[in-house]
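Take a look at the structure below.
Ligands are counted one by one from 1 in listed order, and the atoms in each one are counted from 1 as well. All values below come from the heavy atoms of this structure, side chains included, with hydrogens, waters and symmetry mates left out. All of these numbers come straight from a predicted model, not from anything done at the bench. In this chain, residues are counted from 1 in sequence order.
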Amino acid sequence: MNDCIFCKIIDKEIPANIVFENEDIIAFEDAHPVAPIHYLVIPKKHISSMNDVKQEDIEVLGKIQLVLRDLAKQLGVAENGYRVITNCGEDGGQKVKHIHYHLLAGKHLGHKLVKEE
Ligand code: AMP
Ligand code: ZN
């Protein structure tokens, strides 16, 4: 997937502030943060979206939950709380077609999941 911006971050072809990396997962700062803490956690395998998740991806996606948990703890926001979001498709607001989990924290994020129109 050589036109995928997140694959390029994985391959170190474009820079990112990487905060965690192992053989199948990478986490980095979002370039346009919408909260004081905003990271993206992604599998190194190119999976385009939630719609493309296969049975064989369960293990890595499960491990991502643990990375998110540990990152939140490391950042000192586990107690106060945080939000994890995965957007899918046009209506879901997905811009980058490589599955990713937003980790948002550092302020009270409110109770509304969707902005009022
Ligand atoms: P989504 O709308 O769920 O597809 O989110 C894509 C996210 O990727 C947005 O929050 C962007 O700010 C972020 N993003 C796009 N390009 C980069 C990049 N090169 N480095 C870090 N974050 C990026
Ligand atoms: Zn990709």
Side-chain angles (χ1 to χ4, degrees):
M1 273 290 163
N2 48 22
D3 61 341
C4 171
I5 196 160
F6 287 175
C7 282
K8 286 182 179 159
I9 287 175
I10 292 162
D11 293 338
K12 312 283 178 356
E13 285 173 27
I14 62 166
N17 289 328
I18 295 166
V19 290
F20 173 86
E21 180 168 13
N22 68 14
E23 64 175 4
D24 48 19
I25 296 165
I26 191 165
F28 51 93
E29 281 177 20
D30 195 292
H32 305 284
V34 296
I37 289 172
H38 188 172
Y39 291 92
L40 298 170
V41 184
I42 67 172
K44 286 189 173 176
K45 176 183 175 185
H46 181 91
I47 302 167
S48 297
S49 79
M50 285 289 285
N51 286 339
D52 304 284
V53 171
K54 295 189 172 64
Q55 190 75 21
E56 70 205 37
D57 302 322
I58 286 174
E59 190 175 345
V60 69
L61 297 187
K63 285 179 182 169
I64 283 178
Q65 311 300 306
L66 300 180
V67 170
L68 287 159
R69 177 201 65 186
D70 292 346
L71 210 47
K73 195 171 177 193
Q74 209 179 296
L75 293 163
V77 298
E79 284 300 313
N80 277 359
Y82 50 94
R83 182 171 290 164
V84 175
I85 297 174
T86 300
N87 296 323
C88 178
E90 188 61 29
D91 282 359
Q94 183 182 9
K95 291 206 183 91
V96 178
K97 306 294 189 285
H98 181 130
I99 196 169
H100 51 279
Y101 294 74
H102 296 259
L103 174 65
L104 300 163
K107 68 172 186 181
H108 194 277
L109 295 163
H111 300 290
K112 287 199 172 70
L113 287 177
V114 178
K115 256 193 261 169
E116 304 277 354
E117 287 302 320

Hey, is ligand 1 close enough to [X] that some N/O pair sits below 3.5 Å?
{"X": "Ala31", "result": "yes"}
{"X": "Gln94", "result": "no"}
{"X": "His38", "result": "no"}
{"X": "Val96", "result": "yes"}

Would you please determine whether [X] falls within less than 4.0 Å of ligand 1 on a heavy-atom basis?
{"X": "Gly93", "answer": "yes"}
{"X": "Ile9", "answer": "yes"}
{"X": "His102", "answer": "yes"}
{"X": "Lys97", "answer": "no"}

Please name the pair of heavy atoms, one in Leu103 and one in Leu68, separated by the smallest distance, quoted to 0.1 Å.
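So the minimum-distance heavy-atom pair works out to CB-CD2, 3.9 Å.
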Val19 to Gln74 - nearest heavy-atom pair and separation:
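Shortest heavy-atom separation between Val19 and Gln74 comes out as O-NE2, 4.5 Å.
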Between [X] and [Y], is there a donor-acceptor pair closer than 3.5 Å when you use the side chain of the first and the backbone of the second?
{"X": "His46", "Y": "Ile99", "result": "no"}
{"X": "Lys44", "Y": "Asn22", "result": "yes"}
{"X": "Asp11", "Y": "Glu13", "result": "no"}

Go through ligand 1 atom by atom and flag the ones less than 4.0 Å from a non-hydrogen atom of [X].
{"X": "Asn87", "result": "1 (P), 2 (O), 3 (O)"}
{"X": "Lys95", "result": "1 (P), 2 (O), 4 (O)"}
{"X": "His32", "result": "12 (O)"}

Aromatic ring centroids of His100 and His98 under 6.0 Å?
no
For Phe6 together with Phe28, are the ring centres under 6.0 Å from each other?
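Yes, close enough.
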Would you mind writing out the side-chain donor-acceptor pairs for residues 87-96 within the sub-3.5 Å range, not counting sequence neighbours?
unit_1: Gln94; atom_1: OE1; unit_2: Gly89; atom_2: N; d: 3.0
unit_1: Gln94; atom_1: NE2; unit_2: Ser48; atom_2: O; d: 2.9
unit_1: Gln94; atom_1: NE2; unit_2: Val96; atom_2: O; d: 3.0

Atom name of the N, O or S atom in His98 that lies nearest to the Zn ion (ligand 2):
ND1
What is the SG(Cys4)-the Zn ion (ligand 2)-ND1(His46) angle, to the nearest 10 degrees?
110°
Considering heavy atoms of the protein only, find what lies nearest to atom 10 (O) of ligand 1 and give residue, atom and distance to 0.1 Å.
Asp30 OD2, 2.5 Å
Glu21, CD: over 12 other non-hydrogen atoms inside 6.0 angstrom:
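Check passes, neighbour count above 12.
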Give the contacting part of Leu40 toward ligand 1: side chain, backbone, both or neither, where contact means a heavy-atom distance below 4.0 Å.
side chain
